[in-house]
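Worksheet: the structure to be examined is printed underneath.
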Amino acid sequence: MTSLTQTNFIGLRRVSPEKHSFSGVTSKPSFTSRRFSVVAGKFSNKLAGRNLRVAIVGSGPAGGCAAETLAKGGIETFLIERKMDNSKPCGGAIPLCMVGEFDLPLDIIDRRVTKMKMISPSNLAVDIGQTLKPHEYIGMIRREVLDQFLRERASAAGAAIINGLFMKMDIPKQPNAPYILHYTSYDSKTGGAGEKKTLEVDAVIGADGANSRVAKAIGAGDYEYAIAFQERIKIPDDKMKYYENLAEMYVGEDVSPDFYGWVFPKCDHVAVGTGTVTHKSDIKKFQVATRLRARDKILGGKIIRVEAHPIPEHPRPKRVSDRVALVGDAAGYVTKCSGEGIYFAAKSGRMCAEAIVEGSENGKKMIGEEDLRNYLKKWDKKYWPTYKVLDVLQKVFYRSNPAKEAFVEMCGYEYVQKMTFDSYLYKTVAPGNPIEDFKLAMNTFGCLFRSNALRKEMDKLSAHV
Ligand SMILES: Cc1cc2nc3c(=O)[nH]c(=O)nc-3n(C[C@H](O)[C@H](O)[C@H](O)COP(=O)(O)OP(=O)(O)OC[C@H]3O[C@@H](n4cnc5c(N)ncnc54)[C@H](O)[C@@H]3O)c2cc1C
């Protein structure tokens, strides 16, 4: 690591040339050829002779979207990704609003799901796409395709892309001093081992997913997590036809005590998976049960990939520390019940970057923790109710087989479907109709009451056996 050799009152300092020669950095050449770095002086937070410099670790949807927004907003942006062709284990379902809001080209959407089957513990299937309008659908994407698209768009906006594995960072001890990121660069021609490098920046965004090293570096604390297991299965063409625009969700203690099993259509195969928070060591057993439930429809299929990954259950205790912020899975933004995180990752990356652009007046000023807290305030105001509602739903409906049976029965109501799809597709809490809300409350009690009565009968029966 290079030490600073000169610092005068306005903070002009000499930096050794190799520090800024990032091999593999694919941004504008001006980023790579600087000999001098100028930072604001002690008494001013205006940056002299350069713009604010921000590093983002991880280029999933959170990192890609953050990088694009920063670069467009006049920030000198560095996006560090360990694996450029990373295919994140993921179902790949995205809400319709994401396509417009993030200006996604339609050709990266492999399938448009317009039908969804919710299948109860007793294998009662309810079709829940009935209220969709002709133009509405759930998009199915491949993560390697989406992530690459977002990264390339960030690069075109001016972000420097670094193929490197972030290892750790030195936290500054002085106000306004830089963060020093240590990473292994895979761009050099030295073979597979990579080369140790450092990068100095004013602020850091941790978009490095559920096992975030940035979160560790700032002592952000842990979160409870689910483990999700997924098999990609290539099924015969006639079977694939069935899943052309259909996704299935299975609930029941056999497939998961606290989550759901799924069959999602991908480009030329299906993804079959399940998850659990409470019984992680049984995940393979739940996967076998999910496959069993769908067996007739995936018969003759060949497993082409097996993958597993943690899914955060709630935000980390700390999401911002000084000039470091966490976004996406690193922050813990996945909704309970559904396990949805792609949209929230992209959105949080963008919102965090917007707060930095605004706070730094388009890169002209140093930012502080307060600027990053503005992102948190906006985020929590916008999404806290969504997370809370899904949390309650999970507690009420995922606690036993009878409750799950009731849940599927509820999904049969047109009003429930409309509210659910509107909230999912457009990410707004759909305004309710008071009469329908009342009926829904009565129906909910009815379903729960029936399923409870059913459970008591089942308990009596098993006591006699
Ligand atoms: C099996 C499964 C199925 C899912 N299905 C869905 C679904 O259908 N729909 C949905 O909305 N959500 C789904 N999710 C959740 C979704 O995948 C995540 O919420 C989403 O990927 C979060 O995006 P992110 O950008 O925050 O993090 P990630 O997508 O995890 O991206 C993190 C990036 O950081 C990189 N990285 C990590 N560490 C380092 C490091 N040290 N140095 C450099 N780079 C690093 C990684 O290579 C990766 O590219 C699913 C999750 C799982 C596990």
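Just follow the structure's listing: the first ligand is 1, and inside any ligand the first atom is 1.
Residue Asp208 touches ligand 1 through backbone and side chain together, judged by heavy-atom distances below 4.0 Å. Only side-chain heavy atoms of Phe264 come within less than 4.0 Å of ligand 1; its backbone N, CA, C and O stay farther off.
Those atoms of ligand 1 that come under 4.0 Å of a heavy atom in Val334, given as number and element, are 19 (O). Per-residue contacts place Gly328 under 4.0 angstrom from the following atoms of ligand 1 (heavy atoms of the residue considered): 26 (O). Taking a cut-off of under 4.0 Å to the non-hydrogen atoms of Gly164, the atoms of ligand 1 that pass are 42 (N), 43 (C). Listed by atom number, the atoms of ligand 1 under 4.0 Å from Leu165 heavy atoms are 40 (C), 41 (N), 42 (N).
Between Ala228 and ligand 1, a contact under 3.5 Å exists for no N or O pair. In terms of polar-atom proximity, defined here as any N/O pair under 3.5 Å, Arg213 makes no such contact with ligand 1. For the pair Tyr343 and ligand 1, the shortest N or O to N or O distance does not fall below 3.5 Å. Not one N or O of Pro310 is nearer than 3.5 Å to an N or O of ligand 1, by distance alone. The shortest N/O to N/O separation between Phe166 and ligand 1 falls below 3.5 Å. Between Gln230 and ligand 1, not a single N/O pair is under 3.5 Å apart. On a distance-only criterion, Ile342 and ligand 1 share at least one N/O pair closer than 3.5 Å. Checked by distance only, ligand 1 and Trp262 stay at 3.5 Å or farther apart across all their nitrogen or oxygen atoms. Of the polar atoms of Ala62, at least one N or O is found under 3.5 Å from an N or O of ligand 1, judged by distance alone. Where the criterion is an N or O separation shorter than 3.5 Å, residue side chain and backbone included, Ala93 meets it with respect to ligand 1.
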Practice prompt. Would you check, one step at a time, whether the test side-chain contact (heavy atoms from CB on, under 4.5 Å) holds for Lys234 with Ile298?
Written response: CA-CA 9 Å; Lys234 184 108 176 80; Ile298 59 171; over 6 Å; no

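Given atom 35 (C) of ligand 1, the protein heavy atom at minimum distance is Glu81 OE1, 3.3 Å. Summary of contacts: the protein heavy atom closest to atom 4 (C) of ligand 1 is Gly91 N, 3.2 Å. Summary of contacts: the protein heavy atom closest to atom 31 (O) of ligand 1 is Gly60 CA, 3.6 Å.
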